[in-house]
Structure formats: structure tokens, C-alpha cells
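Throughout, a chain's letter reflects where its sequence line sits, starting with A, and its residues are numbered from 1.
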Amino acid sequence: MACRGSGVRIPSAPPESNGPVSARKPGRSIAGRSAMTDDVFDFEAIQARWLPVWDELAPFRSGRADDPRPKRYVLDMFPYPSGDLHMGHAEAYALGDVIARYWAQRGFNVMHPIGWDAFGLPAENAAIKRGADPRAWTYENIATQRASMRRYACSFDWDRTLNTCDPEYYRWNQWFFLEMFKRGLAYRKASSVNWCPTDQTVLANEQVVNGLCERCDSVVTKKKLTQWYLRITDYADRLLDDMQQLEGKWPEKVLLMQRNWIGRSSGAEVHFQVEGRDEPVTVYTTRPDTLFGATFFVVAVDSDLAAELAAGTAAEEEFRAYLEQAKGETDIERLASDRPKTGVFLERYAINPVNGERLPIYAADYVLSDYGTGAIMAVPCGDQRDLDFARVFNLPVVNVIASDEDPAETGVAVNGDGVHINSDFLNGMGKAQAVATMTEWLEERGLGRAAKNYRLRDWLISRQRYWGTPIPIVHCPDCGEVAVPAEQLPVTLPDAQGLDLTPKGSSPLGAADDWANVPCPQCGQPSRRDPDTMDTFVDSSWYYLRYIDSRNQQAAFDPELVRQWFPVDQYVGGVTHAILHLLYSRFFTKVMHDMGLVDAVEPFERLLNQGMVQMDGSAMSKSRGNLVRLSDELALHGVDAIRLALVFAGPPEDDIDWADVSAAGSKKFLARAWRLSGEVQAPIGADAAAGDVELRRATARALHDAALAVESYRFNVAVAKTMELVNATRKCIDSGAGAADPAVRAAVEAVAIMLSLVAPYTAEDMWARLGHAPSVALAGWPEVDPTLLIDDTVTCIVQISGKVRGKLEVPVGISAEALQALALVDADVQRSLAGRGVKTVVVRAPKLVNIVPEG
RNA sequence: GCCCUUGUGGCGGAAUUGGCAGACGCGGCGGACUCAAAAUCCGUUGUCGCAAGACGUGUGGGUUCGAGUCCCACCGAGGGCACCA
């Protein structure tokens with residue numbers, strides 16, 4: 001069976017000097033010395049053999065203070081403990097592990113932590129459904145995932161784990177919140193907020209996708225509520241400008257999405273007098289140059305200004321009805337495209353500051369109350385929305401940008417650059433000059449000024465749910481909002497026992513009187529705790545800092561340790577978090593920088609977004625019936641084969657269709673590689689330089705190429721290079737220098753080390769069979785002799801008019817003249833030239849000659 | 001509608017950035033071993049053609065001695081943004 005040809009010997013067990021290792025090898029020490037047992041790749045036995053060894057050796061512990069190796073922080077997005085790990089986790093963690101293990105092999109002190117994002121709605125909802133305690137349910141799931149992760153054998157430092165639902169963790173959420181509160185970065189305000197009727201809680205803007213709740217797809221409605229916010233808008237410019245240093249290190253797509261989300265625009269504020277009102281009304285516009293084209297004025301229907309302007313006018317009743325109607329609309333309805341414009345004339349007029357024209361004021365729902373000032377000057381010739389509105393209400397259109405088409409006729413606004421007309425002192429100017437001139441004109445007269453605006457809103461963090469971090473504020477009838485003193489932190493969650501967790505629009509914590517009733521920390525009179533909990537994105541906005549010092553009882557982390565490890569060198573996770581989590585984390589990092597806690601201003605040096613794992617073209621899910629269970633696949637093919645299959649399937653950023661992946665093929669390759677380790681006959685330390693030079697070249701090339709591939713995220717290519725080396729070694733043993741050649745040992749050792757990035761069990765077993773002590777994970781990436789990367793001779797391609805017509809084997813150092821001469825006398829070339837003369841010859845020595853014939 | 005990304009064998013995907021297209025693997029085909037199968041191993045596999053050869057990287061044009069790679073136009077797929085004044 002497995003014995004092929006001659007020269008196959010029975011491989012010996014690892015030397016006894018390995019002590020604890022050989023003692024742990026079932027089947028090998030007892031009856032396992034037959035060729036049959038030793039030459040069969042038994043992944044279950046291999047997994048069972050090495051897991052306990054690794055537990056003991058802990059090769060990836062990163063906390064030693066005296067570690068002289070340079071640091072590298074590799075971070076995987078931590079999982080949500082909603083059940084066992086699935087295929088998506090398997091891919092993400094396999095990819096992150098390749099990077100972490102590679103840098104460990106390269107001699108870095110790699111910190112590769114893992115923890116659990118353990119607070120949040122899914123856990124709570126699942127708990128409600130089963131009548132279980134969310135706490136018990138969460139910790140059970142964490143235990144399950146933890147066991148799965150251990151078996152999945154990522155290079156995690158198990159000394160650093162954290163759960164965000166532990167009081168020792170969320171205590172520091174509360175501490176940060178209070179630090180922000182002190183600095184005016186956390187504040188409470190009444191505002192119209194997004195409300196999910198299913199989850200019965202408010203949502204941040206970022207959690208509303210196309211008018212639907214990001215988690216449950218319910219249609220989101222609006223509610224006027226007083227809630228806690230974090231002042232992320234204070235950091236808008238820095239969040240935007242600091243992205244320059246991420247250029248080329250983060251996916252362009254993510255940077256673009258963040259830029260769009262922040263949505264900075266520049267223009268001007270313009271003050272308009274309103275008849276019958278003392279104070280002018282200010283509007284924001286990106287096109288102050290089109291002020292002469294303003295023919296009416298619009299205020300957001302749900303703004304305070306609209307109500308004020310309507311009060312006491314003949315239009316008041318109509319306005320009220322319109323407001324009611326607008327309030328009842330969901331974002332879905334409001335944002336529907338090609339929806340006709342609606343509005344109400346308020347019987348009031350604003351005065352255009354540049355020409356004194358009276359502009360009728362309308363209330364409309366197409367103007368947003370929370371962007372800019374909630375009021376706009378309407379320029380129908382240049383703005384499509386204003387033009388649409390003008391056409392519905394028969395308002396005049398004044399063209400201020402020269403164009404062949406008349407917007408009033410065509411219904412298409414002219415919104416680009418162009419020569420200004422009908423614009424008095426701007427006539428004849430282009431856009432840029434006109435904007436500058438008008439802004440200056442306004443500033444000189446106190447009628448306006450240059451201004452910037454953002455799409456980004458402050459981050460609403462209150463949630464009316466149980467399973468989260470309590471907001472550490474006490475509401476006192478006299479003192480108002482009072483911070484819980486730092487020494488009283490954490491404010492722990494009350495027991496869920498006896499609380500009604502079903503969503504009902506107010507926080508379950510508010511009903512826990514024993515918990516909620518406290519004396520005011522300032523004046524001592526009876527007060528109540530804030531009943532809301534924090535958005536779980538607060539938890540994940542700084543967990544990567546806590547890992548650095550996760551057992552610290554005195555502080556969130558030691559700034560000195562953070563100085564050593566921060567920022568994260570490589571972050572790996574799904575693109576689904578391109579806006580929310582990454583934006584919030586960047587914000588937190590900047591706040592902490594301002595607090596003097598961290599040096600860095602950006603948390604994540606490099607970012608890799610892995611794709612999703614699908615099945616038959618769509619996302620795996622139980623309801624679709626196309627769910628591939630990770631645990632089944634692991635049992636069938638083994639951990640290494642699944643990891644290898646996922647890494648080899650394609651570029652990490654691309655989606656993987658499990659239907660296109662061959663786990664069986666991966667297993668076959670691993671067995672093939674593993675078998676080599678039993679055939680090596682040269683002793684440890686044999687001088688490879690004395691071995692077969694072709695195999696030595698192949699080994700050097702493979703190590704070199706695989707390293708380059710890993711460093712540029714082309715992990716699939718790194719695997720292919722490993723496969724090539726296995727093939728070359730196989731060939732060398734079977735039909736070349738033979739198994740005793742020292743180059744064979746060097747090649748197989750290189751295979752084990754390269755394989756250790758993707759298939760740690762197989763690699764470790766190979767390493768032991770080669771006679772080495774564990775762990776292969778820290779064996780070190782072999783030095784490559786650069787002279788082996790350069791061949792003595794190369795194949796020179798001879799082209800005629802760009803088509804390959806001949807090949808020459810030439811020395812690498814050949815001169816262009818010699819090569820040209822050689823090419824021209826080549827028999828194949830002469831035949832193809834068929835007597836035609838030579839016009840020009842392009843020589844790129846030593847690899848290419850291109851001959852251009854005459855005619 | 002606007003912006004971005006992308007298009008290579010039956011399939012997943014390679015190609016030192018302008019220099020042998022299809023590395024590596026899956027699948028297929030042929031063979032060895034086997035009573036047989038599985039496993040394993042060897043060979044083969046872009047298309048057309050018996051062959052020499054011709055044609056081939058979504059389509060059409062262009063630049064170049066030479067284009068998967070650069071430029072223009074179009075077509076298809078995926079993603080982001082979408083009343084943000």
C-alpha cells in the first residue's frame with residue numbers, strides 16, 4: 001500500500017529526549033511502530049497529541065517583560081457569543097492566524113489576543129425567548145466558543161482574554177463615560193431619535209440602514225426623547241484628516257465609506273432677514289455663489305423655526321396638519337425616490353440679502369431639521385430638489401449659470417461649474433471665483449461667513465435594554481445629572497431575576513427600584529439612577545487597549561504598557577464594521593490621546609477585511625437551508641484541512657463559496673506533505689549545502705516567495721508556493737537525489753515551517769517526526785541564501801513581432817550584444833523570419849529578445 | 001441617478017506591475033496497484049486542428065517592438081451613497 005518503490009524506510013519515532021512529547025503520543029509508543037500506523041495521516045490522533053502539549057508550552061504568551069523581541073500586535077475582531085463558532089469565524093481567525101504566526105516565525109513578540117463582545121441585544125433576546133438569564137446564557141456560549149477556539153488552534157494569548165459583560169471590564173466603560181462627561185463630550189439632549197419598534201429601543205444613525213433597523217430589519221420610526229450622546233462631531237475634522245495616514249494601509253473602500261459618512265462640505269452661512277421677526281434666520285449653503293438665483297426659502301417642517309413662523313398666520317392650521325402627516329412618515333417613505341415634493345406656504349417672507357427680493361417661506365419635509373440650520377435658501381435653477389419643488393408650487397426660476405438648456409423648461413437643474421449670469425457683481429465669473437467673491441462680500445457686510453458642515457451626527461448611546469453597561473449617572477431633583485463617584489464604580493447590573501426583560505419602550509432597569517433608588521452623591525437626597533444602558537459599540541471601541549493590560553484592577557490599562565504595544569499593527573475583520581465600529585474606535589482613541597492616555601491618534605495601523613463564506617452563491621443561514629456547520633466539517637476533515645481550504649480558496653478579501661472549496665483536497669495535500677517527514681533520512685544538522693542544488697533552489701525560492709506573499713496578504717499564493725515545494729521534494733525523493741540527500745531534510749523542514757502558519761497540527765507532527773522538539777511555531781523562518789534565488793542560466797524568450805518563436809538557454813550575465821547575436825542565428829528564428837530582413841531588435845537581457853522584421 | 005471595485009479554462013484562482021497567459025488546486029480523462037472498490041501514485045487536461053499551426057484574458061478601438069496589465073468608448077457583475085442644500 002503506502003510503500004512505494006525502493007528506499008522507503010520505516011520512520012522512527014521522535015527521540016526520547018523530547019520527553020513530554022513522546023509520552024503524549026498515543027498509538028506511537030505502544031503499538032505504533034509499524035509502517036502502517038506511521039505512514040497513515042490520522043488527523044484526529046495528531047490533534048489529540050498536540051493540543052495538550054501546546055497548552056503546556058503556551059508558545060504564544062506575549063506578556064514577558066524582559067522579552068527582547070520587537071513587538072507586533074495582531075488583532076482579530078472579537079466574536080459575539082451568540083452560539084458556537086461558524087464558518088465565517090473559521091475563515092477570519094484562520095487569516096488572522098496566518099499573519100500572527102508568520103510574524104512569530106519572523107522573530108517578533110506577537111500579541112494576538114481574543115475575547116468576547118458579550119453584551120447586547122441578540123443575547124438578551126435569545127435569553128427572553130428561552131426564559132433564561134442572559135448572564136448564564138452568555139457565559140455558557142462563551143465557554144462553548146472558547147473550547148472551539150482552543151481546538152481551532154489559533155495562536156491566541158490565553159492570558160489576555162476579556163468579556164465585555166464582566167464588571168471588571170464595563171467598570172472602565174463607565175469610567176470613560178464619566179471622563180467624557182467631565183470634558184463635555186458626553187451630554188444629554190432632547191431630540192427626535194430613531195426608534196426600533198421591535199427591539200423597543202433607540203438606535204444610533206449608524207444602526208439605521210435604509211430606514212430599517214440594522215439588526216432586525218424593522219421599519220424605524222422617530223421619537224422625541226432625551227438621551228445621552230457622545231460628541232463625536234467635535235472630532236469630525238480629525239477623523240477625516242487623520243485618514244491620510246491610513247492611505248494605502250486600509251482598504252480604499254473603507255476609507256471612502258468613512259469619508260462619505262462624515263460628509264464634510266464647505267460653503268457659507270448666510271443670514272436672511274425675515275419680515276416680522278427681529279432675529280435673522282441663518283442658512284447653510286455650499287453654493288453661496290448662486291444667491292442671486294434664490295427665489296424662495298424653505299424650513300424643515302419638524303423644526304422649531306417652522307412652528308414659530310407658522311404661529312399666528314393664516315397657514316397655521318394647514319401647517320399643523322402637514323406636520324402631523326410628516327411625523328407619521330417613516331424614513332422609508334420619506335426617502336422614497338421620485339416622490340413628489342410637498343410643503344406648505346407659511347404666509348411669511350425672507351429677504352434675499354443680495355438684492356432685497358422677498359422670498360416666500362415654505363415648510364417642507366425635504367429639508368432636514370438636523371442638518372445645517374434646518375433652513376435653506378432655494379435656488380431652483382441649480383438644485384434639483386429646489387427645482388422639483390418650484391415646479392410643483394409654480395415658483396419662479398432665475399437662471400444664474402449660463403447654459404444651453406433652461407431648467408424651468410427641461411426640469412433638470414444645472415448644478416456644475418459655469419459662467420455666472422443674472423448675478424450682478426458675479427457676472428462672468430466661474431464657480432470657484434464666484435464662491436470666494438460672494439463669501440467675502442457677505443463677510444464684509446456682516447451678512448454671512450464661510451462655514452463647514454458635516455453629515456456626521458453625535459453618537460446616541462442610550463439604550464432602553466437590560467444587557468449592557470449601566471450609565472453611571474444619578475438624577476437628582478436638585479443637582480440634576482450627577483456623576484457616580486469613581487470609587488463607587490462599577491455600577492453593576494442588578495440581577496435579571498425578577499425583572500421583566502421584554503421590550504416595552506423603557507429600560508427594565510428603571511423597574512428595579514432597589515437598584516435604581518439611591519441618594520444623590522452630591523446632596524444625599526433621594527434620587528434615581530439613569531435607567532438606560534450603553535450601546536454595545538462603546539464596549540468594542542476600546543477593547544483592543546484593555547487586552548494590553550486586561551487584568552489591571554486599578555485602571556483601564558497602564559499607559560506605559562500601552563506605549564509598548566499600541567497601536568495595533570494589523571487588524572483583521574469583516575467589512576460590515578467599516579463605518580460603525582471603526583469610526584467609534586478611532587474616535588475613542590483620539591479622545592484618549594487628548595486625555596494623555598495613549599500616544600497614537602489612530603488605533604489600527606493596517607486593516608484587512610476578509611470576505612464572507614457563502615454557500616451556493618448566498619449567505620449561509622438556517623432559514624435558507626444552506627448552512628454548513630463548522631463542527632461537522634472539522635470532524636470530517638480535521639482542523640488543519642478546514643483552515644487550509646479557507647486560506648487557499650482565494651484572496652482573503654474575496655467571498656468564498658464553500659461549494660467551490662475542496663476540504664478533501666486540502667486533507668490530501670496535508671497527508672502528502674506529512675508523509676515526506678517520515679521519509680527524510682539525512683540526520684539533523686546535515687549540511688544542506690552538500691545536497692541537491694535543484695531542490696535547494698526550490699526551497700529557497702519557496703521560502704522567499706511565500707514570505708512575500710504573506711506580507712502582501714496573498715495567503716492563497718503562499719499556500720501554492722508550499723505545494724510547489726512539496727511537489728519538488730516528492731520528485732527529488734522518487735526520481736532524483738533520493739531520500740538520503742541532505743537537501744531533502746532542509747526542504748521538508750521548510751515545508752513544516754511554512755505549513756505551521758496554516759496547518760499547525762500537521763506542521764507540529766512533521767516537526768516531531770523530523771526529530772525536533774516542539775514547537776515548530778517558534779522554529780524561526782529559515783534564512784534564505786540569496787545566491788540560490790539566482791539561477792546560473794535562464795530561458796530567454798525570442799519573439800518575432802511579439803510572438804514567441806524560440807527559446808534559448810543562456811547564462812544570466814549575458815550581454816545584450818551577445819544575446820542578440822545568439823538569437824539571430826537561432827534555427828527556429830531563421831525559419832520564422834523566412835528570409836525577411838530585420839528592422840529592429842529589442843533586447844532585454846537575459847530574458848527576452850524581440851525581433852521586428854521588415855515589411 | 002452619482003461614486004468605487006471588478007470581468008482570465010468546466011470551477012476557485014496565479015502572473016516580480018508592460019515581457020513565455022493559465023502557477024497552485026478542484027473537477028475531468030488515461031494508466032499503475034487491487035479479486036474489486038476506496039485510498040495512494042504516475043501521466044494528461046485553454047479552444048480549434050490528425051498535424052504543422054492558428055486563435056485565445058467581457059466587447060470595440062488606441063498607445064507600444066511587445067498589452068491580462070496603460071488610454072478611450074461600450075456591455076455585464078458586485079458594492080457604497082442616495083433629498084446632507
Side-chain angles (χ1 to χ4, degrees), chain A residues 1-5 39-41 210 251-254 256-257 259-261 263-265 267 283-288 290 298 300 334-339 341 364-368 370-379 382-386 388-389 415 453-457 575 578-579 644-645 648-651 653-657 659-666 668-669 671-672 675 704-705 708-709 712 714 716-724 726-727 730-731 734-735 795-807 839-844 847-853:
Chain A
M1 42 157 291
C3 295
R4 97 190 49 79
D39 226 19
V40 168
F41 180 70
N210 292 327
E252 197 47 50
K253 188 173 140 185
V254 173
L256 187 73
M257 283 166 75
R259 280 196 189 98
N260 287 342
W261 188 262
R264 179 165 67 192
S265 70
V283 304
Y284 172 74
T285 175
T286 56
R287 294 297 301 269
T290 61
V298 189
R334 200 176 59 81
L335 295 178
S337 55
D338 66 11
R339 178 168 168 269
K341 291 278 181 287
D365 63 357
Y366 84 91
V367 170
L368 307 175
D370 59 350
Y371 183 80
T373 59
I376 63 155
M377 62 180 217
V379 182
D383 185 286
Q384 193 59 50
R385 296 155 299 181
D386 296 344
D388 293 343
F389 191 88
N415 58 14
N453 235 310
Y454 305 88
R455 214 182 76 113
L456 182 71
R457 304 293 143 80
V575 73
I579 299 174
L644 180 75
F648 185 55
E653 304 89 344
D654 291 3
D655 291 344
I656 294 174
D657 200 314
D660 297 330
V661 170
S662 173
S666 295
K668 199 164 90 179
F669 163 70
R672 192 170 140 84
R675 241 178 281 118
H704 176 81
D705 290 356
L708 276 181
S712 52
R714 286 142 56 235
N716 54 328
V717 178
V719 171
K721 299 296 175 188
T722 313
M723 289 172 166
E724 283 181 348
V726 167
N727 292 343
R730 180 80 266 152
K731 198 164 245 167
D734 290 347
S735 54
T795 307
C796 175
I797 302 305
V798 184
Q799 300 177 331
I800 292 174
S801 300
K803 290 180 195 259
V804 182
R805 279 300 119 92
K807 296 182 184 183
K839 196 163 98 189
T840 36
V841 181
V842 180
V843 183
R844 293 282 177 275
K847 285 168 91 173
L848 182 122
V849 176
N850 190 17
I851 299 163
V852 186

Quick one: label [X] by what it contacts on the DNA or RNA (base, sugar-phosphate, nothing), any heavy atom closer than 4.0 Å.
| X | value |
| --- | --- |
| Ser265(A) | sugar-phosphate |
| Lys803(A) | sugar-phosphate |
| Val298(A) | nothing |
| Asp705(A) | nothing |
| Arg805(A) | sugar-phosphate |

State which of [options] makes the closest approach to the side chain of [X].
| X | options | value |
| --- | --- | --- |
| Glu724(A) | G80(B), C42(B), A23(B) | A23(B) |
| Leu368(A) | A85(B), C81(B), C24(B) | A85(B) |
| Val804(A) | A85(B), G25(B), C20(B) | C20(B) |

Test salt bridge (Lys or Arg N to Asp or Glu O under 4.0 Å) applied to [X] - qualifying residues, sequence neighbours left out:
| X | answer |
| --- | --- |
| Asp705(A) | Arg701(A), Lys721(A) |
| Asp655(A) | none |
| Arg264(A) | Asp237(A), Asp241(A) |
| Arg287(A) | Asp289(A) |

Between [atom2] on [N] and [atom1] on [X], what's the gap in Å once rounded to a whole number?
| X | N | atom1 | atom2 | value |
| --- | --- | --- | --- | --- |
| Asn260(A) | A82(B) | CG | P | 8 Å |
| Tyr366(A) | A85(B) | OH | C1' | 8 Å |
| Ile579(A) | G79(B) | CD1 | P | 15 Å |
| Arg339(A) | A82(B) | CZ | P | 16 Å |
| Arg672(A) | U40(B) | CZ | P | 10 Å |
| Ile797(A) | G18(B) | CD1 | P | 19 Å |
| Met257(A) | G79(B) | CE | P | 12 Å |
| Asp386(A) | C83(B) | CG | C1' | 10 Å |

Nucleotide N/O of nucleotides 46-48 of chain B paired with protein N/O under 3.5 Å:
none

Only counting residues at least two apart or in another chain, list the ones meeting side-chain hydrogen bond (donor to acceptor under 3.5 Å, both in side chains) with [X].
| X | answer |
| --- | --- |
| Arg805(A) | none |
| Asn415(A) | none |
| Asn453(A) | none |
| Thr840(A) | none |

Contact summary for Gly372(A) and Tyr284(A), nearest pair of heavy atoms: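 Where Gly372(A) meets Tyr284(A) most closely, the heavy atoms are CA-CB, 4.4 Å.
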Donor-acceptor pair under 3.5 Å, Lys847(A) side chain vs C20(B) base: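 Counting by modelled atom types and ignoring angles, no donor-acceptor contact under 3.5 Å is found here.
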For [N] and [M], measure between their [atom1] atoms and round to the nearest Å.
| N | M | atom1 | answer |
| --- | --- | --- | --- |
| G68(B) | C2(B) | P | 31 Å |
| G56(B) | U47(B) | P | 16 Å |
| C11(B) | C48(B) | P | 14 Å |

Residues which pass ring-ring contact (aromatic ring centres under 6.0 Å, His included) with Tyr366(A), listed by chain and number, not counting sequence neighbours: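 If we apply the ring-ring contact (aromatic ring centres under 6.0 Å, His included) test to Tyr366(A), skipping adjacent residues, the hits are Phe389(A).
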Presence of Arg259(A) side-chain N/O under 4.0 Å of C81(B) phosphate oxygens OP1/OP2: no
RNA chain B: 5'-proximal contact among Lys668(A) and Ala375(A) (nearest heavy atom):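 Between the two, 5'-proximity favours Lys668(A).
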Heavy-atom check, side chain of Asp365(A) versus side chain of Arg339(A), under 4.5 Å: yes
G9(B) glycosidic torsion: syn (within 90° of 0) vs anti: syn
U57(B), syn or anti by chi within 90 degrees of zero: anti
Partner nucleotide of C81(B) by Watson-Crick or wobble geometry (both distances under 3.5 Å):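 Pairing partner, where one exists within any strand: G1(B).
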Measure all distances between protein nitrogen or oxygen atoms and nitrogen or oxygen atoms of nucleotides 65-70 of chain B, and list the pairs falling under 3.5 Å.
from: C65(B); atom 1: O2'; to: Asn850(A); atom 2: ND2; distance (Å): 3.2
from: C65(B); atom 1: O2; to: Asn850(A); atom 2: ND2; distance (Å): 2.4

Base versus backbone protein contacts along nucleotides 7-15 of chain B [heavy-atom cut-off under 4.0 Å; B, S, -]: ----SBSSS
Matching residue for Gln799(A) among Ile851(A), Leu848(A), Val842(A) - test: side-chain contact (heavy atoms from CB on, under 4.5 Å):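 Only match with Gln799(A) under side-chain contact (heavy atoms from CB on, under 4.5 Å): Leu848(A).
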No-hydrogen, no-angle side-chain donor-acceptor test under 3.5 Å, Arg672(A) and Asn727(A):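 Their side chains do contain a donor-acceptor pair, which is all the 3.5 Å distance test asks for.
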